[in-house]
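These notes concern the structure reproduced below.
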Amino acid sequence: GAVVSQHPSWVICKSGTSVKIECRSLDFQATTMFWYRQFPKQSLMLMATSNEGSKATYEQGVEKDKFLINHASLTLSTLTVTSAHPEDSSFYICSARDTGRTDTQYFGPGTRLTVL
Amino acid sequence: AQSVAQPEDQVNVAEGNPLTVKCTYSVSGNPYLFWYVQYPNRGLQFLLKYITGDNLVKGSYGFEAEFNKSQTSFHLKKPSALVSDSALYFCAVRGYSSASKIIFGSGTRLSIRP
């Protein structure tokens with residue numbers, strides 16, 4: 001199947017700093033990417049839909065100024081957690097939709113963020 | 001509105017026995033249905049999907065799922081479970097529109113005992 005990479009796989013940062021997470025579709029172009037957050041033993045919560053060349057669409061309750069999303073190319077979307085706090089600690093997973101061949105969403109391996 | 005229900009938080013099966021992980025859905029129109037598997041501290045891996053055609057869909061690692069329109073179900077099955085199948089399984093549904101968002105079930109933890 002198609003491959004989506006995510007970097008870094010884990011990050012530990014101090015409270016108040018910003019963290020950038022990259023999501024890349026490696027063998028297909030993705031006009032649409034998605035960012036999810038997953039709490040322990042829970043399902044995935046959609047945070048935002050990232051559209052190449054336009055502004056992201058955020059789900060209700062997600063602060064757009066805190067979770068900055070940029071989708072500058074057809075293979076790269078970034079999520080920046082600004083002024084991170086301990087409550088932002090979570091597992092963040094990106095996904096890319098392959099609308100060309102399979103019309104299926106493929107997921108990255110996730111990024112474990114720990115804010116001290 | 002779209003929704004997905006996975007009624008079992010956990011399913012326990014002995015290695016070598018058949019397994020079933022249940023999923024029911026609600027969506028307007030014809031659904032896209034998916035199963036994903038998640039191993040600890042990893043993202044989701046695509047297992048299989050149903051869009052149209054045969055109701056029995058075969059996927060990765062010997063898994064299959066049966067689409068039942070009258071019961072609005074899409075149960076995941078495998079004839080003979082392996083210990084390595086132990087993981088968290090998510091059922092998901094999406095509408096036909098390219099703008100539709102994928103909705104996940106709450107997940108079912110599958111535990112295969114040797």
Side-chain angles (χ1 to χ4, degrees), chain A residues 1-11 21 23-26 28 30-51 54 56-60 90-114, chain B residues 1-10 21 23 25 30-53 57-61 63 65 86-111:
Chain A
V3 178
V4 175
S5 71
Q6 218 173 309
H7 179 80
S9 56
W10 59 270
V11 57
I21 303 170
C23 177
R24 295 181 186 272
S25 57
L26 297 187
F28 65 98
T31 54
T32 305
M33 290 186 173
F34 305 86
W35 287 96
Y36 294 84
R37 186 172 177 176
Q38 187 180 31
F39 293 100
K41 299 184 179 181
Q42 293 190 24
S43 189
L44 279 69
M45 181 191 79
L46 179 65
M47 298 174 65
T49 302
S50 170
N51 300 298
S54 64
T57 304
Y58 290 82
E59 295 300 300
Q60 191 171 9
S90 191
F91 194 52
Y92 293 87
I93 305 175
C94 76
S95 176
R97 180 180 286 173
D98 181 2
T99 55
R101 292 177 300 166
T102 64
D103 199 16
T104 297
Q105 258 179 255
Y106 297 97
F107 289 79
T111 297
R112 171 77 55 195
L113 170 64
T114 302
Chain B
Q2 301 169 183
S3 66
V4 180
Q6 290 181 246
E8 303 155 315
D9 290 337
Q10 176 134 0
V21 183
C23 171
Y25 68 90
N30 295 321
Y32 278 37
L33 293 160
F34 305 85
W35 275 101
Y36 292 87
V37 59
Q38 185 179 31
Y39 295 97
N41 297 310
R42 302 296 301 274
L44 274 64
Q45 293 181 30
F46 169 73
L47 278 181
L48 52 81
K49 70 178 179 184
Y50 171 83
I51 298 177
T52 186
V57 179
K58 293 187 183 297
S60 306
Y61 312 121
F63 283 94
S86 299
L88 187 57
Y89 291 79
F90 290 100
C91 181
V93 67
R94 208 195 87 200
Y96 251 50
S97 165
S98 59
S100 295
K101 299 172 190 174
I102 196 168
I103 304 297
F104 287 94
S106 54
T108 298
R109 185 162 301 281
L110 179 62
S111 178

Applying a strict 4.5 Å limit to non-hydrogen atoms, the region of A/Gln6 in contact with chain B is neither
Between B/Phe90 and A/Gln42, the two heavy atoms sitting closest are CZ-O, 4.1 Å
CZ of B/Arg94 to CD of A/Gln105, rounded to nearest 0.5 Å, is 7.5 Å
Rounding to 0.5 Å, atoms OG1 (A/Thr57) and NZ (B/Lys101) come to a distance of 7.5 Å
Ranked by heavy-atom pairs below 4.5 Å to chain A, first place among B/Ile102, B/Ile51, B/Ile103, B/Asp9 goes to B/Ile102
Cut-off 4.5 Å, heavy atoms of chain A, and the answer for B/Tyr32 is side chain
Okay, B/Gln45 and chain A: the region with an atom under 4.5 Å from a heavy atom over there is neither
For A/Tyr36, the ring-ring contact (aromatic ring centres under 6.0 Å, His included) test, sequence neighbours excluded, returns A/Phe107, B/Phe104
Hits for side chain to side chain donor-acceptor pair (under 3.5 Å) against A/Arg112, two or more places apart or cross-chain, chain-then-number order -> B/Asn41
**A/Ser43 (side chain) donor-acceptor with B/Gly107 (main chain) under 3.5 angstrom** = no
